[in-house]
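Read the structure below first, then the notes.
As a basis for the values below, the full set of heavy atoms in this structure was taken, side chains included, without hydrogen atoms, waters or symmetry mates. Residue numbers start from 1 in every chain, and the chains themselves are labelled A, B, ... in the order their sequence lines are given, proteins ahead of strands.
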2 protein chains.
Amino acid sequence: MAYNKNDRRSRTKGRPTLNEVAHRAGVSPITASRALRGVATVAEELVRKVEEAARELGYIANPAARALASAHSQSVLVLVPSLANQLFIDTLEAIHSVLRPKGLEVVIGNFHYSREEEEDLLRNYLAYQPRGLLLTGFERTESSRRMIEASGLPCVYMMDLDSGSGLHCVGFSQVNAGAAAARHLLSRGRQRIAFVAAQLDQRTLLRGDGFRRTLQQAGRYDPAFEILTPRPSSVGLGSELFAQLLAAQPQIDGIFFCNDDLAQGALLEAARHGVKVPEQVAVLGFNDLPSSAFMVPRLSSIRTPREIIGRRAAEQLLDLIAGKTIAEPVQDMGFELVLREST
Amino acid sequence: MAYNKNDRRSRTKGRPTLNEVAHRAGVSPITASRALRGVATVAEELVRKVEEAARELGYIANPAARALASAHSQSVLVLVPSLANQLFIDTLEAIHSVLRPKGLEVVIGNFHYSREEEEDLLRNYLAYQPRGLLLTGFERTESSRRMIEASGLPCVYMMDLDSGSGLHCVGFSQVNAGAAAARHLLSRGRQRIAFVAAQLDQRTLLRGDGFRRTLQQAGRYDPAFEILTPRPSSVGLGSELFAQLLAAQPQIDGIFFCNDDLAQGALLEAARHGVKVPEQVAVLGFNDLPSSAFMVPRLSSIRTPREIIGRRAAEQLLDLIAGKTIAEPVQDMGFELVLREST
DNA sequence: CGACCATAGGATAGCGCTGTCTTTGCGAAC
DNA sequence: GTTCGCAAAGACAGCGCTATCCTATGGTCG
């Protein structure tokens with residue numbers, strides 16, 4: 001029983017170890033390790049034996065020991081600003097579907113739209129020595145940037161492209177998306193077009209920039225038609241801001257909401273007060289959440305390709321981890337104007 | 001430089017180690033370890049010194065080494081059936097707020113309402129040797145049950161109580177909640193009351209049981225007024241099922257939806273087709289999602305105390321980890337009927 | 001046919017911490 | 001003054017793996 005350290009009182013919970021697997025398969029521990037990881041050159045016959053032994057014992061490698069010995073874990077750190085937004089859930093789901101089959105664990109960090117919290121998460125989770133990072137946007141503290149740099153880890157930035165030169169990023173141009181929203185409302189003959197935004201993260205602001213610039217070029221920009229608030233986006237807030245905006249600027253005939261939940265709240269508030277959408281006011285959302293297609297009237301929106309972004313970002317990260325050079329480090333996945341009844 | 005193993009080519013990324021902290025503080029590594037963990041008896045003066053040294057070096061303990069040496073990680077495994085439902089996001093947030101300050105990492109496992117996936121997650125994540133488990137409901141495979149049992153880990157079950165005797169659980173009676181829904185619709189004078197459910201997880205079915213039984217007792221149960229589908233719950237599905245139900249059973253005058261998103265879809269579909277709510281049909285939801293209060297008409301619902309459940313479950317788990325005995329292993333957090341315009 | 005080399009498998013030595021025992025120091029009790 | 005007890009700090013060993021070197025084997029080539 002030399003392979004089993006039960007002679008001395010063991011601290012472990014009695015889970016089988018690699019040593020026991022190796023012993024049962026009649027090979028050395030290191031060969032068992034190699035066989036199970038599929039590394040290098042182990043004869044097929046031995047691989048079979050080791051795998052069988054592992055199965056019989058119900059062996060699961062101890063990730064802590066593995067991480068300590070190899071100086072890295074089998075995890076990928078994904079940092080998102082919120083879990084309350086279905087957008088990021090969809091993205092995470094897509095990431096998961098790519099990384100899980102490769103044996104990588106997805107570690108989710110929610111930084112609640114706070115740069116400081118993101119920095120904290122980085123500091124803590126980098127200690128786990130993940131294989132790579134998937135980050136949202138480019139807006140972060142200088143410390144965070146330094147930690148990412150110093151870690152030397154493969155890193156892909158998701159969602160935005162507008163200031164990602166030199167970085168690996170998968171997303172779409174927030175500025176262009178905002179511009180497209182403006183063009184759409186203009187094309188519908190709207191004259192007094194408002195912009196309502198909450199949360200005010202970088203991507204929302206960039207959307208606003210594109211939107212504003214396009215209205216300016218068309219000579220239709222009026223700063224009085226903007227509501228920006230750092231409060232978190234929600235249906236309730238959308239209702240509130242819609243009422244507030246129409247009370248202050250009754251002549252408005254088109255509104256771009258930086259998020260579908262705000263737009264949904266607006267539609268509900270409009271219905272409540274008999275405001276005709278789109279006749280009196282056209283309403284355009286952003287992200288195209290699943291429920292938007294069922295609103296009354298059905299909400300026009302800009303569909304963001306979060307599933308593809310998640311998938312591609314994860315795939316790109318896999319390539320980086322594998323040491324491949326990336327042909328296209330900046331991947332523009334575009335966006336799609338989804339026209340429904342509300343505009 | 002005996003404390004720094006740079007003499008030999010090191011595999012590490014050059015992050016400072018406990019040895020270096022200890023050396024700088026002029027103490028032994030084990031004392032530094034104790035000082036930083038706040039364990040046992042280390043003189044205040046030394047603790048101060050060690051903490052200072054750690055700060056100066058930017059030392060962060062290596063969780064893998066820690067886990068390997070101590071035979072457990074600093075994580076708690078939380079298994080939820082979905083992240084698409086705001087219910088579980090709120091629960092997770094609450095859990096986080098309790099466990100994070102205690103230095104415990106929350107590891108999220110999403111099993112997509114699949115028992116097999118839950119079993120897989122358990123098998124994989126148990127290898128990380130978490131400090132405890134927070135699980136959703138009681139419905140799982142026999143294998144899963146055995147793994148939980150065999151792990152010997154503290155475990156708290158969330159959301160349901162109905163079959164949790166002998167276990168530590170925090171939630172509310174799904175059966176009673178269903179019964180309350182039925183009583184409410186009956187109290188509104190409704191005669192032909194329907195039940196619409198999706199997903200069909202155990203908790204949904206229990207709600208249905210309570211609802212059904214109460215209608216039966218009132219002599220108002222009609223199996224033709226039930227729609228059950230395993231499809232995942234969504235606003236779109238709610239619209240669809242509402243239309244389907246009213247087409248088949250136009251005389252229906254009250255509906256209990258097992259989830260707010262379904263009910264929201266129903267309200268939207270009703271508005272679209274001029275069905276008066278609550279005059280023609282009363283609509284009652286479940287969970288009271290944030291947007292429900294802003295629907296037209298405002299949706300009546302049963303508010304489930306997910307934040308408190310998350311918090312209490314996490315606190316109870318902390319107690320179990322600390323080895324305390326729990327005075328009240330079964331905590332009924334109740335539920336609240338939120339009356340709005342739709343009933 | 002011997003030097004050479006590629007290849008499969010093993011021996012060794014840690015990775016960076018913490019559990020457990022041991023030692024040290026110092027005041028209280030006799 | 002000696003013994004005891006207890007608290008504080010350290011020594012030691014090892015958690016369960018894998019990186020790295022090393023050895024044995026058999027084939028290839030001039």
Side-chain angles (χ1 to χ4, degrees), chain A residues 2-23 25-50 54 57 59-74 127-129 131, chain B residues 2-23 25-50 54 57 59-74 127-129 131:
Chain A
Y3 62 101
N4 188 332
K5 59 271 116 329
N6 280 348
D7 25 289
R8 228 182 177 297
R9 174 97 110 317
S10 165
R11 282 181 227 161
T12 75
K13 298 277 179 38
R15 303 194 319 116
T17 70
L18 186 62
N19 259 315
E20 299 173 44
V21 174
H23 194 85
V27 299
S28 74
I30 187 63
T31 300
S33 169
R34 290 200 268 246
L36 291 174
R37 280 179 297 152
V39 233
T41 44
V42 179
E44 250 182 67
E45 169 67 5
L46 286 191
V47 172
R48 217 193 32 67
K49 269 196 201 163
V50 171
L57 290 172
Y59 172 74
I60 308 264
N62 180 328
R66 183 168 269 188
L68 184 59
S70 67
H72 61 249
S73 68
Q74 292 300 324
Y128 285 82
Q129 309 187 110
R131 297 300 296 268
Chain B
Y3 63 99
N4 187 331
K5 59 274 115 317
N6 281 347
D7 27 288
R8 229 180 176 297
R9 172 98 109 320
S10 163
R11 284 180 225 161
T12 74
K13 297 277 178 38
R15 303 194 317 116
T17 70
L18 185 63
N19 260 314
E20 298 172 45
V21 173
H23 193 86
V27 300
S28 73
I30 187 64
T31 300
S33 169
R34 290 200 269 246
L36 291 174
R37 280 179 296 153
V39 246
T41 43
V42 180
E44 251 182 63
E45 168 67 6
L46 286 191
V47 172
R48 220 193 29 69
K49 270 196 199 164
V50 171
L57 291 172
Y59 172 75
I60 309 264
N62 180 329
R66 182 168 270 190
L68 184 58
S70 67
H72 61 249
S73 68
Q74 292 300 323
Y128 285 82
Q129 307 186 115
R131 297 300 297 269

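Rounded to whole Å, the distance from CD on Q129(A) to P on dC17(C) is 10 Å. Regarding R66(B), its CZ atom lies at a distance of 8 Å from the C1' atom of dC17(C), rounded to whole Å. What separates NZ of K49(A) from P of dA8(C) is a distance of 16 Å, to the nearest Å. Taking atom CG on N62(A) and atom C1' on dG14(D), their separation rounds to 13 Å, with Å as the unit. A straight line from CG of L68(B) to P of dC15(C) spans 13 Å, rounded to a whole angstrom. Atom-to-atom, NE2 of H72(A) to C1' of dC17(D) comes out at 12 Å; the value is rounded to the nearest Å. In this structure, the CD1 atom of I60(A) is 15 Å from the C1' atom of dC17(D), given to the nearest Å.
P63(A) and A127(B) make their closest contact through CD-O, 3.1 Å (heavy atoms, listed as atom of the first residue, atom of the second, distance). Across every non-hydrogen atom of R15(A) and E20(A), the tightest pair is O-OE2, 4.3 Å.
Rounding to the nearest 0.5 Å places CD1 of I60(B) at 13.0 Å from CG of L18(B). Summarising the geometry, atom CG belonging to L68(B) is positioned 12.0 Å from atom OG belonging to S73(B); distances are rounded to the nearest 0.5 Å.
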Begin with the C-alpha distance, continue with both residues' side-chain angles, and end with the deciding distance and a verdict on side chain to side chain contact (heavy atoms under 4.5 Å, CB included) for T17(A) and N62(A).
-> CA-CA 8 Å; T17(A) 70; N62(A) 180 328; over 6 Å; no
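Closest contact between the side chain of S70(B) and the listed nucleotides dC17(D), dC17(C), dT18(C) involves dT18(C).
Look at R37(B) and you'll find a side-chain N or O under 4.0 angstrom from OP1 or OP2 of dG19(C).
Residues passing the side-chain contact (heavy atoms from CB on, under 4.5 Å) test with E45(A) are R48(A), K49(A), sequence neighbours excluded.
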Show each protein N/O and nucleotides 9-12 of chain D N/O combination with a separation under 3.5 Å, one pair to a line.
residue, atom, partner, partner atom, Å
dA9(D), OP2, A43(B), N, 2.7
dG10(D), OP2, S28(B), N, 3.1
dG10(D), OP2, S28(B), OG, 2.8
dG10(D), OP2, T31(B), OG1, 2.3
dG10(D), O5', S28(B), OG, 3.4
dG10(D), N7, R34(B), NH2, 2.7
dG10(D), O6, R34(B), NH2, 3.3

